[in-house]
Number of protein chains: 2
Amino acid sequence: MHAYLHEHLDMNKDYSRAIPEAWQHMSRVFTALGDEHRQRILLTFERGERLNVSQIVAVSTLSRPAVSHHLKILREAGVLASEKLGKEVFFWVNKPFLAETFDNTRAYLEEHL
Amino acid sequence: MHAYLHEHLDMNKDYSRAIPEAWQHMSRVFTALGDEHRQRILLTFERGERLNVSQIVAVSTLSRPAVSHHLKILREAGVLASEKLGKEVFFWVNKPFLAETFDNTRAYLEEHL
DNA sequence: ACTACATGTCGAAATGTCTCGACATGTAGT
DNA sequence: ACTACATGTCGAGACATTTCGACATGTAGT
């Protein structure tokens, strides 16, 4: 379990008890992408593409409220970003955030697990 | 949406429609790690540590059957590996698989999204 | 074979998440 | 102000997951 005795001589001795920040972000990303509908929504986007809600609904098998629900979860997790332009709301992949989150998780894996 | 016209001149033109294999794996990993209890189980492990079920139950707030359920999901997703030794079943983090899965996802993000 | 221990499985209740119609909000043009 | 359109939200039913007690299996020692 948690030994509270580490070979590294840094100051963060109780680091093992707290869930690191990279995992806090990753937690929501995992939850957001754990659903197949939301994965399909994410994979709908091409490089740098911006899509409005109607376009996403068009390629989805779900109703508009259901898509809206999933988009909200993806946005709140930081996976997608959005901007309102006139009547429409455009969504796009928050690539920098995803890249950073995956990198942090990858680094944590290498370091601690 | 999916343009079916790519700038890369490779053979996989219908790649955009199929969910890539890296995502197939990631899908289960995301589902497995989308749950906070399962995240805590994963983070219980120290570097290279092996824990039996009783030890994991001891640090968890859940009952043994519940922990067993989560361990099954983590094992089937490939996050944890297990081995029976006598009466006990030991679990450990499947680090190579996780590393590969994260790397693949990271690469896919950089390439396609 | 019997006991003690470790773990897995089953099933039903509790809990959580998803879904869609109906309604609300907000924007642009006439 | 009115109409048309795009999107968000609410709530109740449908659906999926989680949870734990009770039981089953399997292993080691006496």
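All chains are named by letter (A, B, ...) in the order of the sequence lines, taking the proteins before the strands, and each is independently numbered beginning at 1. None of these values were measured; they are calculated from a predicted model.
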Participant: Figure out the CG/C1' separation between B:Asn52 and C:dA6, and round it to whole Å.
Facilitator: 8 Å
Participant: Taking C-beta and beyond as the side chain, do A:Phe45 and A:Ile56 meet within less than 4.5 Å on heavy atoms?
Facilitator: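 In short, these two side chains touch, coming nearer than 4.5 Å.
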Participant: Applying side chain to side chain contact (heavy atoms under 4.5 Å, CB included), can you list everything that pairs with A:Arg38, at least two apart in sequence or on another chain?
Facilitator: A:Asp35, A:His70, A:Ile73, A:Leu74
Participant: Within a strict 4.5 Å, meaning less than it, do heavy atoms of the B:Thr61 and B:His37 side chains meet?
Facilitator: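 Yes. Closest side-chain heavy atoms under 4.5 Å.
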Participant: When the side chains of residues 80-100 of chain A are checked against the rest of the protein, which donor-acceptor pairs come out under 3.5 Å, sequence neighbours left out?
Facilitator:
residue, atom, partner, partner atom, Å
A:Glu83, OE1, A:Arg50, NH1, 3.1
A:Glu83, OE1, A:Arg50, NH2, 3.4
A:Glu88, OE1, A:Asn52, ND2, 2.8
A:Asn94, OD1, A:Phe97, N, 3.4
A:Asn94, ND2, A:Gly78, O, 3.2
A:Lys95, NZ, B:Glu110, O, 3.4
A:Lys95, NZ, B:Leu113, O, 3.1

Participant: What distance separates A:Ile41 CD1 from A:Leu33 CG, expressed to the nearest 0.5 Å?
Facilitator: 10.5 Å
Participant: Hey, is the side chain of A:Ser68 poking within less than 4.0 Å of OP1 or OP2 on D:dG8, counting only N and O atoms?
Facilitator: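 True: A:Ser68 side-chain N/O within range (under 4.0 Å) of D:dG8 OP1/OP2.
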Participant: Just the table, please: protein N/O against nucleotides 25-30 of chain C N/O, every pair under 3.5 Å.
Facilitator:
none

Participant: For A:Leu71 and C:dT19, what is the distance between atoms CG and P respectively, to the nearest whole Å?
Facilitator: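 Checked: the CG to P distance equals 12 Å.
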Participant: Without decimals, in angstroms, what is the distance between A:Arg28 CZ and C:dT17 P?
Facilitator: 13 Å
Participant: Got a sec, which pairs hit salt bridge (charged side-chain N to carboxylate O under 4.0 Å, His left out) with one end in residues 62-80 of chain A, sequence neighbours left out?
Facilitator: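 Checked against salt bridge (charged side-chain N to carboxylate O under 4.0 Å, His left out) - neighbours excluded - no pair reaches residues 62-80 of chain A.
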Participant: Rounding to a whole Å, what distance do you find between A:Leu51:CG and D:dA6:C1'?
Facilitator: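 Answer to the nearest Å: 15 Å.
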Participant: Would B:Val67 and B:Leu71 count as a side chain to side chain contact (heavy atoms under 4.5 Å, CB included) here? Give the steps.
Facilitator: CA-CA 6 Å; B:Val67 170; B:Leu71 286 174; 3.8 Å; yes
Participant: A:Gln55 has an atom CD; how far is it from atom P of D:dC5, in whole Å?
Facilitator: 17 Å
Participant: Distance from A:His25 atom NE2 to A:Asn104 atom CG, nearest 0.5 Å?
Facilitator: 8.5 Å
Participant: Can you run through DNA chain C from 5' to 3' and write each base as (, ), [, ], | or . depending on how it pairs? Watson-Crick or G-U wobble, both distances under 3.5 Å.
Facilitator: ||||||||||||||||||||||||||||||
Participant: Select one nucleotide: of C:dT9, D:dT9, D:dT7, the one nearest the side-chain heavy atoms of A:Val53.
Facilitator: D:dT7
Participant: Please find the pair of heavy atoms, one from B:Thr31 and one from A:Gly34, that lie closest to each other, and give the distance.
Facilitator: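 Smallest heavy-atom distance, with atoms named: OG1-O, 3.0 Å.
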Participant: Restricting to nitrogen or oxygen on both sides, can you table the protein-nucleotides 15-22 of chain D pairs closer than 3.5 Å?
Facilitator:
residue, atom, partner, partner atom, Å
D:dT18, OP1, B:Arg38, NH1, 3.1
D:dT18, OP1, B:Arg38, NH2, 3.0
D:dT18, OP2, B:His69, NE2, 3.1
D:dT19, OP1, B:His37, NE2, 3.3
D:dT19, OP2, B:His70, NE2, 2.5
D:dC20, OP2, B:Ser63, N, 3.0
D:dC20, OP2, B:Ser63, OG, 2.9

Participant: Looking at every non-hydrogen atom in both residues, tell me the closest pair between B:Ser60 and B:Leu62 and how far apart they are.
Facilitator: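 Closest approach of B:Ser60 to B:Leu62, heavy atoms only: OG-N, 3.0 Å.
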Participant: Going by atom types only, do A:Ser27 and B:Glu36 share a side-chain donor-acceptor pair under 3.5 Å?
Facilitator: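 Side-chain D/A pair, A:Ser27 to B:Glu36: absent.
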